[in-house]
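Reading through the structure tokens given below for one structure.
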Amino acid sequence: MNQPDLSGKVRFIIPVGPEYALVAGMALCGLGMLAGLDVDMLGDLRTIATECLDCLAHQSGRPESIAMEARVVEKRLHMRFQAQDRMHTQEEDALALDITRGVLETLAPDVRLDVDGEGVHGIECSMPV
């Protein structure tokens, strides 16, 4: 059976809000299905999307939107969530960052958080497919 070429980058902008985690999760699940992930792993993708969007939305540099990119390269699904148009709000609890990192690392073995003085502004993670 021929595997489709999934190296093309899927990219879109998501408004900040918990209801848009469903949109991000569905997009990741679609790519995951094309890559042959099983149902449990698809559920993990939805959780990854929810955790990443929630983390980025609750930083002192709160974004107005979040760019999501995903693609499959060398049998790994790579995902990136990037805060867009950040505005300074209030300080957030650093404990939430530790919880987010812990949750993400249980779902995707490779996680990187980009942090500056206003909190997390980017999250990259990947998992085997």
Side-chain angles (χ1 to χ4, degrees):
M1 181 175 175
N2 291 336
Q3 290 290 336
D5 179 12
L6 302 175
S7 62
K9 190 181 295 183
V10 175
R11 178 179 161 88
F12 58 97
I13 306 297
I14 307 159
V16 172
E19 61 276 11
Y20 290 101
L22 176 62
V23 174
M26 295 294 285
L28 286 178
C29 284
L31 189 56
M33 286 179 68
L34 291 173
L37 292 179
D38 64 28
V39 173
D40 290 335
M41 295 298 286
L42 296 176
D44 289 350
L45 288 177
R46 286 191 304 269
T47 303
I48 288 169
T50 300
E51 286 295 321
C52 289
L53 294 178
D54 188 53
C55 175
L56 292 173
H58 293 92
Q59 300 297 310
S60 60
R62 186 180 189 276
E64 289 191 23
S65 60
I66 297 169
M68 186 187 90
E69 298 179 355
R71 67 178 166 178
V72 177
V73 178
E74 297 178 4
K75 297 188 179 187
R76 291 191 73 81
L77 173 58
H78 296 269
M79 299 157 276
R80 177 152 182 79
F81 297 84
Q82 182 69 43
Q84 304 286 300
D85 302 318
R86 295 164 70 197
M87 40 188 183
H88 183 74
T89 56
Q90 73 282 351
E91 294 299 320
E92 294 293 332
D93 186 3
L95 179 60
L97 179 59
D98 293 337
I99 293 170
T100 297
R101 181 187 290 278
V103 169
L104 290 174
E105 287 177 345
T106 63
L107 301 171
D110 183 24
V111 176
R112 191 181 96 207
L113 303 177
D114 296 330
V115 182
D116 64 14
E118 292 191 339
V120 178
H121 60 86
I123 302 171
E124 287 186 43
C125 45
S126 70
M127 62 192 315
V129 293

### Atom pair CG/SG of Leu104 and Cys55 - distance to nearest 0.5 Å
7.5 Å
### Message
For residues 9-26, which residue pairs pass the salt bridge (charged side-chain N to carboxylate O under 4.0 Å, His left out) check, not counting sequence neighbours?
### Response
Lys9-Glu69, Arg11-Glu69
## Note on the structure
Heavy-atom nearest pair, Ala49 first then Phe81, reads CA-CZ, 4.0 Å
### Task
Apply salt bridge (charged side-chain N to carboxylate O under 4.0 Å, His left out) to Glu64 and list each qualifying residue two or more places apart in sequence or on a separate chain.
none
Enumerate donor-acceptor pairs with a distance under 3.5 Å from any side-chain N or O in residues 118-129 to protein atoms, sequence neighbours excluded.
from   : atom 1 : to     : atom 2 : distance (Å)
Glu118 : OE2    : His88  : ND1    : 3.2
His121 : ND1    : Gln82  : NE2    : 3.2
Glu124 : OE2    : Arg80  : NH1    : 3.0
Glu124 : OE2    : Arg112 : NH2    : 3.0
Ser126 : OG     : Arg76  : NE     : 3.2
Ser126 : OG     : Arg76  : NH2    : 3.1
Ser126 : OG     : Asp110 : OD2    : 3.2

#### Entry: Non-hydrogen atoms of Ala108 and Val111 that approach each other most closely
O-CG2, 3.3 Å
### Task
Hey, could you give me the CG/OG distance between Asp116 and Ser60, rounded to the nearest 0.5 Å?
8.0 Å
### Query
When clusters are formed by joining ILVMFWY residues with side-chain heavy atoms under 4.5 Å apart, either directly or through shared neighbours, do Ile99 and Leu113 land in the same one?
yes
### Task
Quick one: which residue pairs count as a side-chain hydrogen bond (donor to acceptor under 3.5 Å, both in side chains) with a foot in residues 46-57, not counting sequence neighbours?
Asp54-His58
### Query
Who else is in Leu22's hydrophobic cluster (ILVMFWY, side-chain heavy atoms under 4.5 Å, direct or via others)?
Met26
### Query
Can you check whether Val23 reaches Met68 side chain to side chain, under 4.5 Å on heavy atoms?
no
### Task
Establish whether Leu37 and Met33 are linked, either directly or via other cluster members, by ILVMFWY side-chain heavy-atom contacts under 4.5 Å.
yes
### Summary
Nearest heavy-atom contact between Ala70 and Leu28 is CB-CD2, 3.6 Å
### Task
Please name the pair of heavy atoms, one in Ala24 and one in Phe12, separated by the smallest distance, quoted to 0.1 Å.
CA-CZ, 4.2 Å
### Message
For residues 29-44, which residue pairs pass the salt bridge (charged side-chain N to carboxylate O under 4.0 Å, His left out) check, not counting sequence neighbours?
### Response
none
### Message
Would you compute the distance between atom CG of Leu31 and atom NE2 of His78 and round it to the nearest 0.5 angstrom?
### Response
11.0 Å
### Query
Which pair of non-hydrogen atoms, one from Leu53 and one from Ala21, has the smallest distance, and what is that distance?
CD1-CA, 3.4 Å
### Query
What about Val115 and Val103, same hydrophobic cluster or not, with Ile/Leu/Val/Met/Phe/Trp/Tyr joined at side-chain heavy-atom distances under 4.5 Å?
yes
### Task
Looking only at non-hydrogen atoms, find the nearest pair between Gly32 and Leu45 and report the distance.
CA-CD1, 4.0 Å
